[in-house]
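Right, one structure below, let's go through it.
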Amino acid sequence: MIDIKYIRANPDIIREAIRNKNEKADLDALLSADEERRRLQYQFDNLKAQQNSVSQIIATKKRAREDAAAEIAEMGKVAAEIKAIQADLSQANALMDRLMLTIPNIPEEGVPIGLDESLNEVIRHEGEPLNYDFELKDHLDIAEANRLLDLPRGAKISGSGFPIYSGFGARLERCIINFMLEYHLQKHGYTELMVPLAVNRKAMTGTGQLPKLEEDMYHIAEDDLFLIPTAEVPVTNIYADEVLSYKDLPKKFVAYTPCFRREAGSYGKDTRGLQRLHQFNKVEMVRFVQPEDSQAALDEMLQDAEDILKAFGLHYRVLSLCSGDLSFASQRTYDLEVWAPGSQKYLEVSSVSNFGEFQARRANIRYKDAEGKLRHLHTLNGSGVATPRLMIALLETYQQADGSLKLPEAIRPWLELKI
RNA sequence: GGAGAGGUGACCGAGCUGGCUGAAGGUGUGCGCCUGCUAAGCGUAUGUAGGUCAAAAGCCUACCGAGGGUUCGAAUCCCUCCCUCUCCGCCA
């Protein structure tokens, strides 16, 4: 959420942000709703002031056992007026709140401007693709040959996009998750959380998934709960409606969760194997920082995510997302795309974003700075990383001519753990 | 799911036979005084949001879990919902 005072003072910046982000928010409707709301609030305040002062007189007279019938009669009229205005006012406020939630965050200075992913900027490449002297298979063929996945049966019991990892595939998946968690805990200083996988509407609104993306989420109607599309939602919301001290910041959390996405409207796109799923595993990093630290924190988190790919010896590239590809709440995002040699393409495994105070305003997360002033803190998050495409890259990168796998050194101790 | 108790400021805790309560008292915190130092003590200040204002001060409004209602007037009365605790039931 953007500060309404800022919106009022800089409507052109907001208009441009809406355009650059390819959003449909109606700024003019918002501005006029704001005006109407303030007009009513002013009337309401004045009537209330009148009511309060006359109420004092009534109270005084009653205590002195004097007659206050005239005042009471007069206030009867004022009370009726207040009631009428109050109804209008609460309607105006509701409209205002609704419109405020449709205004996206503003892309930061330096974010490439563009409406779709074709204008994302490749910043750099890291690592080298390996050389092979045999015909490469893609991950699904490798998985089938090694019986790592059972996608047909996953589809049978849930639908396509709900994978079953079986045997060594399940074990590998679990070890990868554990490796990433421990890496962030031990080398990057995060604190681990295990969080609810179903969250309420307020939490989803706080991080900015709602109201825009309701169609993309699994909804449990009976309890009005949503399955989380990312751990960002529960983790970022843990401090909703709270005031932290500047001494508590920064806070760095990491959480593993399954993620659920309906992927409405993307049927038939990148569906082979594990490329696009309704349920997948992800290790997510979330930070709460003071505003002046968020730029540096973003760079650090990007590095934290990259460290995982480096540890696995994978080739990848770093993208700066253009304005139109930024999520609704983000003001700057870097994507990591890992190279999948069997499929011959780069696959997104991580998205690292700075939300500035946008989410903190929505979720009402504040902190008291060194001067004792209340301010909204900044939130960031990044995948560290999502497993399905990481799995694709690992299988395709480390396949052998005989169809077997030679996994990187880093993960082996985890797979060889004896009890 | 059933029965009961409760949700007040950073925290504890009064108020809850409606008006003088933005809210006693205490703790904590800031500033000052006092004091070899510390502790104790004394004084004083200390919520958030919106409006007015060039700004500050001041003033006005709202906020005692959330939303409605009764009333001239609600932290106080009524209704609905949410949450916490205790007991019972069910259950991994």
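Given the structure is predicted, the values throughout are model-derived calculations rather than measurements. First the proteins, then the strands, lettered A, B, ... as listed; each starts at 1.
In this structure, SG on A:Cys322 lies 8.0 Å from CD1 on A:Ile113, to the nearest 0.5 angstrom.
The NZ-C1' distance, from A:Lys48 to B:U52, rounds to 20 Å in whole Å. A:Gln50 has its CD atom 13 Å from the P atom of B:A62, to the nearest Å. Summarising the geometry, the separation between CD on A:Glu71 and P on B:C72 is reported as 14 Å, rounded to the nearest angstrom. A:Met75 has its CE atom 17 Å from the C1' atom of B:A74, to the nearest Å. Atom pair A:Tyr367:OH and B:A10:C1' shows a separation of 18 Å (rounding to whole Å applied). Following rounding to the nearest Å, A:Arg39 (CZ) and B:G51 (C1') show an atom-to-atom distance of 15 Å.
Using cut-offs of 30° and 60° for the angle between ring planes, the A:Phe253 and A:Tyr239 rings count as tilted. The aromatic rings of A:Tyr218 and A:His278 sit perpendicular to each other, their planes meeting at more than 60°, with 30° as the lower class boundary.
Proximity note for A:Lys5 (side chain, C-beta onward) versus B:C72, B:G50, B:U48: the nearest is B:G50. Side chain of A:Arg63, nearest nucleotide from B:A49, B:C20, B:U61: B:C20. You'll find that the side chain of A:Ala59 is closest to B:G19, out of B:A62, B:G51, B:G19. Ranking B:C72, B:U48, B:G51 by closeness to the A:Leu374 side chain, first place goes to B:U48.
Tested against A:Leu377, the residues A:Asp293, A:Leu249, A:Asp369 include a single side-chain contact (heavy atoms from CB on, under 4.5 Å) partner, A:Leu249.
Residue contacts shown for A:Lys62 include a base, since a base heavy atom lies under 4.0 Å away. Across all strands, A:Arg8 comes closer than 4.0 Å only to sugar-phosphate atoms, never to a base (heavy-atom distances). Within 4.0 Å (heavy atoms only), A:Arg366 reaches sugar-phosphate atoms of the nucleic acid but no base atom.
Look at A:Gln51 and you won't find any side-chain N or O under 4.0 angstrom from OP1 or OP2 of B:C72. Taking only side-chain nitrogens and oxygens, A:Asn52 comes nearer than 4.0 Å to OP1 or OP2 of B:A62. Between A:Lys83 and B:U70 there is a side-chain polar atom (N or O) within less than 4.0 angstrom of OP1 or OP2.
When both pairing distances are held under 3.5 Å, B:U86 makes a Watson-Crick or G-U pair with B:A3. The base-pairing partner of B:G32, taking Watson-Crick or G-U wobble contacts with both distances under 3.5 Å, is B:C42.
Here, B:U48 and B:A10 have their C1' atoms 13 Å apart, quoted to the whole Å. Distance noted for atom P between B:G73 and B:C63: 13 Å (whole Å). For the P atom pair drawn from B:C90 and B:A5, the interatomic distance equals 24 Å after rounding to whole Å.
Taking the side chain as every heavy atom from C-beta outward, A:Glu173 and A:Met391 approach each other to under 4.5 Å.
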